[in-house]
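Structure, as C-alpha cells:
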Number of protein chains: 2
Amino acid sequence: MGTRRSADLEFAILGLLSSGPLHGYELRKRLDLLLGPLRAVSYGSLYPTLRALQARELIRESAPARQGLGSRRSRIEYELTDAGADYFAELASVAGPDAWNDDMFVTHMAFFGHTPRPVRLRILEGRRARVEERLALLRTRIEQAEHRTDSYVLLLQQYRVETLEREVRWLTDLLDRERAHAG
Amino acid sequence: MGTRRSADLEFAILGLLSSGPLHGYELRKRLDLLLGPLRAVSYGSLYPTLRALQARELIRESAPARQGLGSRRSRIEYELTDAGADYFAELASVAGPDAWNDDMFVTHMAFFGHTPRPVRLRILEGRRARVEERLALLRTRIEQAEHRTDSYVLLLQQYRVETLEREVRWLTDLLDRERAHAG
DNA sequence: TTCGTCATGTAATGGGTTACATGATTAC
DNA sequence: GTAATCATGTAACCCATTACATGACGAA
C-alpha cells in the first residue's frame with residue numbers, strides 16, 4: 001500500500017495514453033477536459049503520479065521524435081507498456097466496488113468505449129442507485145428540518161434536489177439508449 | 001497566517017451558531033445539510049476547527065443545562081462570543097474576493113438573510129460571471145477537441161455544459177427575484 | 001443485554017495545493 | 001527583444017480523511 005494515489009487519476013492517465021503517447025503538459029489539458037473543472041489536476045500531482053506509474057512499469061518514456069540531432073528534447077512523451085495496456089483493459093472492463101463514486105464514475109464513463117455493454121449497464125445502474133440514495137437522504141433531511149428553515153437555505157436545497165433528479169433522468173436516458181442499442 | 005483553515009467552514013459554523021448554541025454532533029448534521037453532500041465535514045475536521053475558533057475567542061462553551069447535579073455532561077454546547085457575533089456579521093455583509101468560489105458562494109447564500117441586498121446582488125452577479133466564464137472556457141475547449149472526441153466523452157461534456165447553463169439560469173432567476181423584491 | 005445512535009475526541013497518514021525555479025519556443 | 005505560453009519539475013506546507021478509542025443513552 002505504499003502509494004495509494006487516487007485510483008481514478010491513474011485510470012484516466014492510462015486511458016488517455018491508450019490511444020497514443022502524450023507528454024505531461026498535454027496530458028493535463030486532456031485530463032481537465034475529461035475530469036471536469038472540479039477534480040482538476042495540478043502539476044504537483046500529475047508529474048509524481050507519472051513517475052509512480054513509470055516505477056510500476058505501466059508506462060515508459062517513448063523515444064521522442066527529435067527535430068535535429070543533438071537538440072535537447074523539451075518534451076517527454078509517455079506511452080503505455082504492454083503491462084500498462086493490460087492493466088487499463090482490465091480496469092475498463094470490470095466494475096470495481098468504487099465504480100459509482102463521483103470521481104470514478106466519470107472516468108469509467110469516459111472510457112466506456114473500452115467497456116463491454118453488460119458492465120456499462122451495471123455501472124450506470126450502480127451510479128443511478130447511488131444518486132437516488134443521496135436524493136432520498138436529502139429529502140428526508142429537508143423534511144425533518146422543514147420548519148424554521150431559512151428561505152435562502154431552502155432555495156439552495158431545492159436546487160440540489162433538482163440537480164440530483166436531473167442526474168437520475170440523465171442516467172435513465174443513458175440506460176435506455178444502451179438497451180435500445182442492444183436490442 | 002497560523003491556521004488557515006478553510007474559511008467557509010468557519011463562516012458556516014459561526015452562522016449556524018448565530019441563531020443559538022449547538023453541540024458538535026448537531027453542528028455537523030446541520031453543516032452537511034447546509035454545505036451539501038460534497039464538502040461534507042468529518043469530526044476530525046470539525047472538532048479541531050471548533051477548538052481553533054474557541055482559541056480565537058469567537059465561540060465559547062455555553063453552560064449546559066444539567067439534568068442532575070453532578071451528572072457528567074455528555075454534550076458540549078458552543079455559542080458565539082460578542083466578538084464572534086461581530087465577526088460573523090462582518091463576514092456576511094461584505095463580498096470578499098473569494099465570495100464566488102464554489103464553496104464560499106454556497107455559505108454566503110445560506111446566510112443571505114444577514115446580508116444587505118446590494119451585497120447579495122454583487123455576490124450573485126459575481127457568481128454568475130464566474131460560471132459563465134467557466135462555461136465559455138469549456139465550450140472553446142470542446143470545440144478545439146471536437147474532431148476525434150469519443151462519443152461517451154462527448155455525452156459527459158454535453159451534460160457539463162447543460163449543468164453550467166442551468167446554473168446560470170438559476171442565478172439569473174435569483175437576481176430577477178432580488179430586483180423585483182427591491183422595486 | 002445488546003444494538004444503534006448519540007457524542008466527543010486523537011493520531012497517523014497521506015497526498016494535494018501552492019509557490020517556487022527554470023528554461024525553451026513562439027508571436028508580436 | 002520581450003512577453004506569453006509551453007513545458008517540467010521540486011518542496012514545504014497544510015489539512016482533511018481515516019481509523020481508532022471511548023462511553024452514554026434509549027429501545028427492543
Side-chain angles (χ1 to χ4, degrees), chain A residues 1-10 12-13 21-32 35 37-55 59 61-62 64-68 70-78 98 101-103 137 140-141 144, chain B residues 1-10 12-13 21-32 35-55 59 61-62 64-68 70-78 97-98 101-103 137 140-141 144:
Chain A
M1 327 263 104
T3 29
R4 223 341 114 246
R5 297 184 177 281
S6 51
D8 75 300
L9 177 56
E10 293 186 349
I13 290 172
L22 292 169
H23 59 275
Y25 192 85
E26 179 64 23
L27 211 35
R28 189 179 101 108
K29 285 198 299 186
R30 308 238 183 153
L31 284 168
D32 283 351
L35 305 174
L38 322 143
R39 191 79 186 84
V41 23
S42 63
Y43 294 122
S45 176
L46 175 61
Y47 286 115
T49 302
L50 285 172
R51 252 174 290 122
L53 287 170
Q54 204 175 356
I59 65 175
E61 294 181 26
S62 62
R66 317 198 163 214
Q67 290 89 328
S71 74
R72 283 245 292 100
R73 71 177 188 284
S74 57
R75 300 169 164 196
I76 300 174
E77 301 231 300
Y78 293 94
D98 55 354
N101 284 176
D102 289 335
D103 293 337
L137 187 64
T140 60
R141 283 200 190 159
Q144 281 168 6
Chain B
M1 330 259 109
T3 30
R4 220 346 112 250
R5 297 186 177 281
S6 50
D8 75 301
L9 178 57
E10 294 186 349
I13 290 172
L22 293 169
H23 60 274
Y25 192 85
E26 179 64 24
L27 210 35
R28 189 178 102 108
K29 284 198 299 187
R30 308 237 184 155
L31 284 168
D32 282 351
L35 304 175
L38 320 144
R39 192 77 188 86
V41 23
S42 63
Y43 294 122
S45 176
L46 175 60
Y47 287 115
T49 302
L50 285 172
R51 252 174 289 122
L53 287 170
Q54 203 174 359
I59 66 176
E61 292 181 28
S62 63
R66 314 197 166 217
Q67 291 87 328
S71 74
R72 284 248 288 102
R73 71 178 187 284
S74 57
R75 300 169 165 196
I76 301 175
E77 301 232 300
Y78 294 94
D98 54 354
N101 284 176
D102 289 335
D103 293 335
L137 186 65
T140 61
R141 282 200 191 160
Q144 281 168 6

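Just so it is clear, the structure is predicted and the values come from calculations on it, not from any experiment. Residue numbers start from 1 in every chain, and the chains themselves are labelled A, B, ... in the order their sequence lines are given, proteins ahead of strands.
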Measure the distance from [atom1] on [X] to [atom2] on [N] and round it to the nearest whole Å.
X	N	atom1	atom2	value
A:Leu46	D:dA7	CG	P	13 Å
A:Tyr25	C:dT25	OH	P	15 Å
B:Lys29	C:dA7	NZ	C1'	11 Å
B:Arg75	D:dG26	CZ	P	10 Å
A:Arg28	D:dT5	CZ	P	14 Å
B:Asp103	C:dT17	CG	P	13 Å
B:Leu31	C:dA7	CG	P	15 Å
A:Glu26	D:dA7	CD	P	7 Å

CG of A:Leu53 to OG1 of A:Thr49: how many Å apart, nearest 0.5 Å? 7.0 Å
Any side-chain N or O of A:Ser6 below 4.0 angstrom from OP1/OP2 of C:dG15? no
Are any of B:Ser42's side-chain N or O atoms less than 4.0 Å away from OP1 or OP2 of D:dT17? yes
Taking side chain to side chain contact (heavy atoms under 4.5 Å, CB included) as the test, write out the residues that go with [X], two or more places apart.
X	result
A:Arg39	A:Ser6, A:Asp8, A:Leu9, A:Leu35, A:Asp103
A:Glu26	A:Leu22, A:His23, A:Lys29, A:Arg30
A:Tyr78	A:Leu17, A:Leu50, A:Gln54, A:Ile59, A:Glu61, A:Ile76

Under the side chain to side chain donor-acceptor pair (under 3.5 Å) rule, collect the residues that match up with A:Tyr25, sequence neighbours excluded. none
Tell me every residue that passes side chain to side chain donor-acceptor pair (under 3.5 Å) with B:Asp98, counting only those two or more places apart in sequence or in another chain. none
Rounded to 10°, the angle between the first-five-pair and last-five-pair axes of the helix from C:dT1-D:dA28 to C:dC28-D:dG1 is 40°
Does A:Ser45 reach the main-chain N or O of A:Val41 with its side chain, forming a donor-acceptor pair under 3.5 Å? no
Please report the closest heavy-atom contact between A:Glu77 and A:Pro21, naming both atoms and the distance. OE1-CB, 4.1 Å
Salt bridge (charged side-chain N to carboxylate O under 4.0 Å, His left out) partners for A:Asp32, two or more places apart: none
Interface polar pairs with nucleotides 9-11 of chain D, N/O, under 3.5 angstrom:
residue	atom	partner	partner atom	Å
D:dT10	OP2	A:Arg51	NH1	3.4
D:dT10	OP2	A:Arg51	NH2	2.5

